[in-house]
Structures are given as C-alpha cells and as structure tokens.
Amino acid sequence: MGKINLANVKKTIYYLKRNGIKNTWYAVLERLEERKNVPYTYQPVSEEELARQRAWSKDRDAVFSILVPAYRTNETYLREMILSVAEQSYPYWELILADATPDDSVGVAVDKLLAEQGLSWSDEPEAKGLPKQSCGKEQLCDEECTCHKALAKYATWDCGRLCYVKLTENAGIAANTNQALKYAAGDYVGLLDHDDVLTPDALYEMAYAIDRTKDRGAALQMIYSDEDKCNGDMTLFYEPNRKEDFNRDLLYSNNYICHFLVMTRELIQSLGFRSAYDGAQDYDLVLRASASVSQEEIAHIPRVLYHWRCHTGSTAENPRSKQYAYDAGLRALQDLADRMGYGAKAVHLKHLGFYKLVYEKGALESRTDLGAVGGRVLDRGVTIGGRMSSQGTVYYEGLPRYFSGSLHRAVLTQSAEAVDIRCMQVRKECRVLWEEIVGVPYLEKEGIFDASVLPADTDYRTVSLKFCKAMKEAGYGILYDPERTIVWK
C-alpha cells in the first residue's frame, strides 16, 4: 500500500531482525520507489457486461461448489462473502459453509441474512444440477442415505444454494475444510476464505474457460485467476497479483496460484486437505494437484476475480502472526520434493512465504526434465539479461541488483522459455546441440558457460533464443535461478 502505518512499521522491524541492515535498507528503498508507480484501481465489471454474462449462462451446465470454513467470522465480512457468491452473474453454485465456531454467532448471522433475503432453511433443497448432498465418495447420496442429514441445512437461492454445516469441533483448517468437501456435489470445487469476496464475474469466467476448452475437445482439471487485496471496509484495493500461466518452478518458490482457485470435484476429493500442513493446506493441495495433472489441464484466467481482505490479525496485514503457516509451506514443499525424487532441500528466502529448492547435486543432476539453468546478467548494478520470453523480452530488465521486483518475483527460481547464454549451465546431453547452434565449444568456468569465448559481435539475445527453442523442441525444460549472477561489465 506504500503507507506508513503501525502494521508496516512492525513488518519492517521484523524484516530487520531476520535479514539485517543491508537487506532492510534496500527493501525500504524499493518500497519508496514503488510509491512512484501509478496507483492501482480495481475496475469492476459493468452492469451491461454482467447482463450479457447472465444471458450466456442460462444454457450452461457446470456447477460450482464453493467451500468456506468459518470460525468466529465478523458478521459484516460474513454477509459480504455470502452475498458475493449469491450475486454471481453465473448462477449455478452451492456455497458450503462449515462453521467451527463454538457458539452460535455465525449461525445467527446467517439466519439473519436469510431472513432479510426472504429465504428459509430446508432439509431437501432444489437447485439446478445439484443433488441433495454428497457423501464425499464417487457416488452421491441416495434416498436412504443419512450420513450428514443431522448436521446440514440448506437454503435455495435462485439456481444456487447455501449449505450450512455446524461442526461438532474445531479440528483445524484442513480438517474443517475436509468436512465441507464431503458435501460438495458440483462439477468443480472452489476455495473461498470466510472474510474475502469474489468479484461478480468470478464463476462466469471459470465457466467460460471450461466451456471454451470443452469446445476444443479437452477438459480442465484446475483453473486459477488473478487477485488483489483490499482493506477492511473494501474502500481501497491494492497489490494486484497479475499471475503467469502455469509455471511449475515458480510454484515451488511461492504459492503464486493462491486465489481464486477451482478444481474438478473428483481431483480435489481424491487429494483432500492434510492437517499436517495447517496454515499452508492450500499450497500443499496445489503442489500435489499440479504433480498429478498435465500442464495442458491447468488454466490461468488473467483477470482479478478475488479480493483478499486485509485487516488487523490477517496474514497479509501481519505476516509474523502466522509464522507457522510459512513453516508449514516449507514442509509441504519438502514433501513434494521428496516424493518427486529431486534430492533437494527446501529453504526459506528472505521474504516470508517464499522458498527455494536447493539441489544437493545441482538441478541438472536430480532433475532429468531440465536441459539448462540460467541466471542473471548485470551491467553497472542493473539487470540486462536473464529470463526471457519466447519473443526475447528480458524479465526484470533494468531492475537494480538488490531489488526483488513486484511481489518479489525477480528473486525467485522459475521455469523459463529462455535464459541468457552468458550465465547458463547446460546439461551434458545437450552440449552437442549447443555447439551446433552457438558455434563455439561449451566450456565451463565456476559452474557456468565461460562467455568470454564468444565472439565480440555475438547477438546474445538472438543466440540465446535460438538455443533455448531447440532445447524446448527436444523436450527439455529451462530453469531460471536468479542467485546465479554474473557482472558483464
């Protein structure tokens, strides 16, 4: 947000204790530079566009189950969350509210909202495409099933429905979400925190992506969107998270996927949430899900569809309050690395919630999918080379050496279409291809190619793109590791 307030002061002090004066100095300088940028403004969808979306949605059949574990939820936030689902331009949804609050405050607040809407509870609601309830198994409940009827009650809301489940105990965020998941009956399941809100076009955009992919004869298993943050009363929106299309190694560095996320019901019910990773249960889920589906089955919607509310006590407002969540994220990443056989250790980076896999024998020795690892090229203290797009655009170009970039992306390990040959290590099996394309022998110096053997007139960008394209076509991936840095001049 760029404001000097108590929360930001606390963050700075905590950062200083963890990372020292030098790193804190550069972090503060970067924040001051960010204040010069054009302020972000969330642009809501127009009423005309929402009307068009409603008309398109009438003949669709995908149903979304939205899971919300609740615990002592602020009544205002609860109302706004529920209404953000009920007012979707795509109307075929169910909102499953699993309430672990020891008293009846959340239940009373929901009763009050329903009364205001002229709605009432029922044990057997009717809603488009939704059966009465699900056992959390492959088959749905039949007329004789009584597995959850003692706990749940429903309210029909046009073509959607609200399912309220009073949990008998607060068993933790993962276990509570698993209880909600048992009731999911939609085709896709989405995750929503109890104090956040969806934009009114969120489910439409998901349904449209599903429908468009189906027209091509394919099916999506996992879909995620961009998001932003907002203050407590939703009068200020900031820090838009403009995400990339699926980037596996970036996911290993940070749960950049986060909100808004939906998966097929079959996929998420097969994986479930693991209590051992409470606080990072969503990250653990995404890591395991991404390892079990192909990249073509994962879609990114480049639109802000989720507002992450930041208020006193929330993780985003006070990161230290949930250090356990970042530690759980580290353990989830380590578990994934172990199961994949990477031979790597997961470690924390300077910024909370960001990680790195340190490969014991180097990334090219445990990762058979990788053909090259590239790093960052500096000139007079700023970035001139490193990760590139397939068109040759240099990511983070011009960024000072000790700055971390927007959302710290510049200092994170990530998959790349191309990297700069001046700071590249190439797999042994790919070095014949190197000589064919680059035209000089591959000679290493301190673990990377010795760029001093290149002719003085080498067009580094063009040669880098040509070699990396050939490696991609040969089936190899490319890793960008910004900790590998050379000073070119």
Side-chain angles (χ1 to χ4, degrees), residues 1-2 8 11-12 15-16 18-40 226 228-229 238-245 247 249-256 302 347-357 363 372-425 448-449 451 459-465 468 478-489:
M1 292 172 64
N8 285 338
K11 290 178 187 178
T12 303
Y15 188 90
L16 175 64
R18 292 182 70 244
N19 301 307
I21 294 175
K22 179 181 177 181
N23 288 323
T24 303
W25 170 250
Y26 283 112
V28 171
L29 282 182
E30 185 168 13
R31 293 291 284 178
L32 292 175
E33 284 296 314
E34 290 174 353
R35 295 180 67 180
K36 300 176 183 178
N37 296 336
V38 177
Y40 165 72
D226 294 349
D228 64 16
K229 294 178 181 176
Y238 58 99
E239 288 187 17
N241 189 346
R242 305 293 189 186
K243 303 171 187 176
E244 296 191 22
D245 289 346
N247 186 310
D249 287 285
L250 182 59
L251 181 62
Y252 294 166
S253 301
N254 168 249
N255 184 15
Y256 81 95
V347 299
H348 287 290
L349 294 181
K350 292 183 296 186
H351 303 281
L352 289 170
F354 297 86
Y355 314 101
K356 181 180 176 65
L357 285 178
V373 179
R376 184 166 50 165
V377 183
L378 299 173
D379 180 7
R380 290 180 286 273
V382 300
T383 302
I384 62 168
R387 180 185 171 189
M388 291 185 286
S389 71
S390 57
Q391 289 76 38
T393 301
V394 177
Y395 285 61
Y396 323 119
E397 187 170 18
L399 190 73
R401 178 172 190 167
Y402 296 107
F403 283 15
S404 63
S406 175
L407 300 174
H408 309 303
R409 293 271 166 80
V411 297
L412 302 180
T413 303
Q414 50 208 263
S415 306
E417 286 296 314
V419 290
D420 198 306
I421 59 172
R422 289 173 289 180
C423 188
M424 183 188 292
Q425 182 182 30
I448 62 172
F449 169 65
D459 183 338
Y460 306 115
R461 194 169 303 196
T462 298
V463 175
S464 299
L465 290 174
C468 290
I478 300 170
L479 186 68
Y480 172 65
D481 181 358
E483 287 191 3
R484 295 174 178 237
T485 301
I486 65 165
V487 178
W488 189 240
K489 293 180 182 178

Report yes or no: does Y256 contribute a side-chain atom to a donor-acceptor pair with the main-chain N or O of N247 at less than 3.5 Å?
yes
Sequence neighbours excluded, the answer for side chain to side chain contact (heavy atoms under 4.5 Å, CB included) partners of A410 is Y396, L399
For the residue pair W488 and Y460, does the interplanar ring angle fall in the parallel (under 30°), tilted (30 to 60°) or perpendicular (over 60°) class?
perpendicular
After noting the C-alpha distance and the side-chain angles of Y355 and H348, does the key distance pass the ring pair (Phe, Tyr, Trp, His ring centres under 6.0 Å) rule?
CA-CA 5 Å; Y355 314 101; H348 287 290; 5.7 Å; yes
Test side chain to side chain donor-acceptor pair (under 3.5 Å) applied to D481 - qualifying residues, sequence neighbours left out
K356
Close side-chain approach of L412 to N254, heavy-atom, < 4.5 Å
yes
Kindly state each residue pair satisfying salt bridge (charged side-chain N to carboxylate O under 4.0 Å, His left out) with at least one member in residues 391-414, sequence neighbours excluded.
E397-R461
Tell me, please, which residues at least two apart from D226 pass side chain to side chain donor-acceptor pair (under 3.5 Å).
H300
Restricting to side chain to side chain contact (heavy atoms under 4.5 Å, CB included), what partner residues turn up for A416, sequence neighbours left out?
R387, V419, I478, Y480
Exactly one of L479, V377, T413, V373 clears side-chain contact (heavy atoms from CB on, under 4.5 Å) with R484, and that residue is V373
Considering residues at least two apart in sequence or located in another chain, which fulfil the side chain to side chain contact (heavy atoms under 4.5 Å, CB included) criterion with T393?
S389
For the CG atom of L407 and the CD atom of E239, what is their distance to the nearest 0.5 Å?
7.0 Å
To the nearest 0.5 Å, how far apart are CG in L465 and CG in D420?
9.5 Å
If you compare all heavy atoms of C468 against all heavy atoms of E417, which two are closest, and at what distance to 0.1 Å?
CB-O, 3.7 Å
Measure the OG-CG distance between S415 and D245 for me, rounded to the nearest 0.5 Å.
12.0 Å
H351 and S404: side chain to side chain contact (heavy atoms under 4.5 Å, CB included), yes or no, with the steps?
CA-CA 10 Å; H351 303 281; S404 63; 3.9 Å; yes
All ring-ring contact (aromatic ring centres under 6.0 Å, His included) counterparts of F449, not counting sequence neighbours:
W434, Y442
My understanding is that only residues two or more places apart in sequence, or in another chain, count here; which of them pass side chain to side chain donor-acceptor pair (under 3.5 Å) with D228?
Y40, H307
Which residues pass the side chain to side chain donor-acceptor pair (under 3.5 Å) test with Y252, not counting sequence neighbours?
Y342
As a quick check of understanding, evaluate side chain to side chain contact (heavy atoms under 4.5 Å, CB included) for I486 and I448, giving each step before the final call.
CA-CA 10 Å; I486 65 165; I448 62 172; 3.4 Å; yes
Report the C-alpha distance between T485 and L378 in whole Å, list the side-chain angles of each, state the deciding distance to 0.1 Å, and finish with yes or no for side chain to side chain contact (heavy atoms under 4.5 Å, CB included).
CA-CA 7 Å; T485 301; L378 299 173; 3.3 Å; yes
Evaluate the side-chain proximity of M388 to S464: yes if any heavy-atom separation is below 4.5 Å, no if none is.
yes
